[in-house]
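In what follows, a structure is listed as structure tokens, so that the remarks can point back to it.
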Amino acid sequence: MKQNNSFLTGCGFHLPEKVMTNHDFESLVDTSDEWITTRTGIKQRHISTGQACSDLGYQAAVQALHEAGLTPQQLTHVLMTTFTPDTHIPNAACVLLEKLGQRNIAAMDINTACTGFIYGLEVARGLCALSEDANVLVVASEVLTSRVNIKDRSTSVLFGDGAGAAVLSGSRPPGHELCGNLTDVCLKADGSLGELLTVKGGGSAYPLRLGQMVSENFFIQMEGREVFKHAVRSMFNVSMEILERNNLRPEDVNLVIPHQANIRIIDALAKKMNLDPDNLFVNVQKYGNTSAASVPIALGEAIQLKRIKAGDLVLMVAFGGGFTWGSALVQY
Ligand code: UT7
């Protein structure tokens, strides 16, 4: 396996306190707990009550820094992966930087929808390859409820808010109990399929004028059935590609952490890869689809639950709007 110098030293995650169950939706749109459960596996999701992207991200970041044994002052870069930033300018990474009490380092946002964290990992890996002194904070935070049309039952029941974070360092810190080496990342995109999953309103191609009311295109719009098929196929292909180029097979992986969008997508991926259910991490039932935050929330939770131990090989894989998709391998 290829070796490099990007060590995952700390993870954290945060969900806003308020929980919305499937039953809570029954009074808002024509849906049922039974439909949502059988079609998606989701039972509940956490909902922001006024917290912005950087607020959720801050909580996850503080945990990740604590785990890494670093202070914000030791960071060299802050990357925020999100499509629901607090504001367009300043970017969410700068807002987070200020909340962390750090200044004069690089801070940027990355938007690749649900694949955001995997893209963030690759950028962090590059920065760590440039300097062994790099300490890169990758935060994936989404307040999806700010871009969900509650009246659209085909999307509103799917999404939740939350944040996950990871610290990657250019050199292995001494005495770390659980330190992962990010050995490879595989990224893909295909703009020809972008229309299947969009958030358009307010963008420069769909500007909002002063006093104008927002329309449906301000919110997430998705051709669910089509996206489903692409998600399964793409996550399978990019998982196999990263494994094959590292001379690995699915059975060599101790834990697969897929994007948590729909239990049927996860099950289909697991079936195609012939994965043992014990080697698959699933928490979609508790949080719904938290977009970019879903993989790092799952990673943080898997570590908390001791589903990952020293010596384990972890495969993360995600798919999202754009389309974008990608996979990452971490050797603990
Ligand atoms: O994170 C980025 C990637 N996103 C995804 O991966 C999401 C991918 N897509 C999916 O997860 C699924 O396609 C959905 C969960 C969005 C939809 O499930 P589906 O099994 O593909 O359902 P469908 O869209 O084919 O709709 C089946 C029926 C339709 O009614 P008719 O036309 O058969 O009468 C929908 O109108 O279910 C209806 N429906 C609902 N019924 C009750 C759609 N949403 C709901 C709802 N409650 N919330």
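Note that these values count all heavy atoms, side chains included, but never hydrogens, waters or copies made by symmetry. Atoms within a ligand are numbered from 1 in the order they appear, just like the ligands themselves.
No salt bridge links Arg264 with Asp267; every basic N to acidic carboxylate O contact stays at or beyond 4.0 Å. With salt bridges taken as basic N to acidic carboxylate O contacts below 4.0 Å, one links Glu98 and Arg103. No salt bridge links Arg45 with Asp161; every basic N to acidic carboxylate O contact stays at or beyond 4.0 Å.
Taking atom 9 (N) of ligand 1 as the reference point, the nearest protein heavy-atom neighbour is Gly224 O, 3.0 Å. In this structure, atom 16 (C) of ligand 1 lies nearest to the protein heavy atom Leu158 CD1, 3.8 Å. Closest to atom 27 (C) of ligand 1, if we only count protein heavy atoms, is Arg39 NH1, 3.6 Å. Annotation: atom 24 (O) of ligand 1 to nearest protein heavy atom, Arg225 NE, 4.4 Å. When only non-hydrogen protein atoms are considered, atom 2 (C) of ligand 1 lies nearest to Cys114 SG, 3.3 Å. Of the protein's non-hydrogen atoms, the one nearest atom 3 (C) of ligand 1 is Val227 CG1, 3.6 Å.
By the neighbour-count criterion of 12 heavy atoms within 6.0 Å, atom CD of Gln212 is densely surrounded, having more than that number from other residues, nucleotides or ligands.
Of all atoms in ligand 1, numbered sequentially from 1 with element shown, those under 4.0 Å from a heavy atom of His259 are 1 (O), 2 (C). Those atoms of ligand 1 with a heavy atom of Ala261 less than 4.0 angstrom away are 1 (O), 5 (C), 6 (O). Against a heavy-atom cut-off of under 4.0 Å, Thr40 is close to the following atoms of ligand 1: 15 (C). Which parts of ligand 1 touch Val157 is read off a 4.0 Å heavy-atom cut-off, strictly below it: atoms 48 (N). Residue Phe319 approaches ligand 1 through these ligand atoms, each under 4.0 Å from one of its heavy atoms: 2 (C).
Taking only nitrogen or oxygen atoms, main chain and side chain alike, Asn262 reaches within less than 3.5 Å of ligand 1. For ligand 1, the polar-atom distance check finds an N/O of Arg153 within less than 3.5 Å of one of the ligand's N/O atoms. Not a single N or O atom of Leu197, backbone or side chain, sits closer than 3.5 Å to an N or O atom of ligand 1.
With rounding to the nearest 0.5 angstrom, the OG1 atom of Thr81 is 12.0 Å from the OH atom of Tyr119.
Taking the ring axis of Tyr58 as reference, the NZ or CZ atom of Lys99 does not stay both within 45° of it and closer than 6.0 Å to the ring centre.
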>> Evaluate Ile118 against Met316 for side-chain contact (heavy atoms from CB on, under 4.5 Å), listing each step before the verdict.
In response: CA-CA 8 Å; Ile118 309 287; Met316 294 179 266; 3.8 Å; yes

>> Go through it in stages, so that I can follow the logic: the residues are Glu223 and Lys229, the test is salt bridge (Lys or Arg N to Asp or Glu O under 4.0 Å), and I'd like the CA-CA distance, side-chain angles, deciding distance and then a yes or no.
In response: CA-CA 11 Å; Glu223 299 289 335; Lys229 284 187 254 171; over 6 Å; no

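The cluster map of Ile, Leu, Val, Met, Phe, Trp and Tyr, joined by side-chain heavy atoms under 4.5 Å apart, puts Val62 and Val138 in different clusters. No chain of hydrophobic side-chain contacts below 4.5 Å, direct or via other Ile, Leu, Val, Met, Phe, Trp or Tyr residues, connects Tyr287 to Val143. No continuous path of hydrophobic side-chain contacts links Leu137 to Leu168 [ILVMFWY only; heavy atoms under 4.5 Å].
By the criterion of a heavy-atom distance under 4.0 Å, the side chain of Trp35, and not its backbone, is placed next to ligand 1. Of the heavy atoms in Thr31, both backbone and side-chain atoms come closer than 4.0 Å to ligand 1. The side chain of Ile265, and not its backbone, has at least one atom closer than 4.0 Å to an atom of ligand 1 (non-hydrogen atoms only; side chain from C-beta on).
In this structure, Thr155 has no heavy atom closer than 4.0 Å to ligand 1. At least one heavy atom of Asn289 sits less than 4.0 Å from an atom of ligand 1.
Contact annotation for atom 41 (N) of ligand 1: protein present (non-hydrogen atoms, distance under 4.0 Å). Inside a 4.0 Å radius of atom 5 (C) of ligand 1 there is at least one protein heavy atom. Within a 4.0 Å radius of atom 32 (O) of ligand 1, the protein contributes no heavy atom.
For the residue pair Lys151/Ser156, the side-chain donor-acceptor check at 3.5 Å is not satisfied. Counting only N and O atoms by type, the side chains of His66 and Gln63 include no donor and acceptor under 3.5 Å apart.
One option in Met235, Gln260, Met222, Arg264 has a heavy atom closer to atom 7 (C) of ligand 1 than any other, and that option is Met222.
The residue from Leu182, Leu248, Asn181 that alone fulfils the side-chain contact (heavy atoms from CB on, under 4.5 Å) condition with Leu329 is Leu248.
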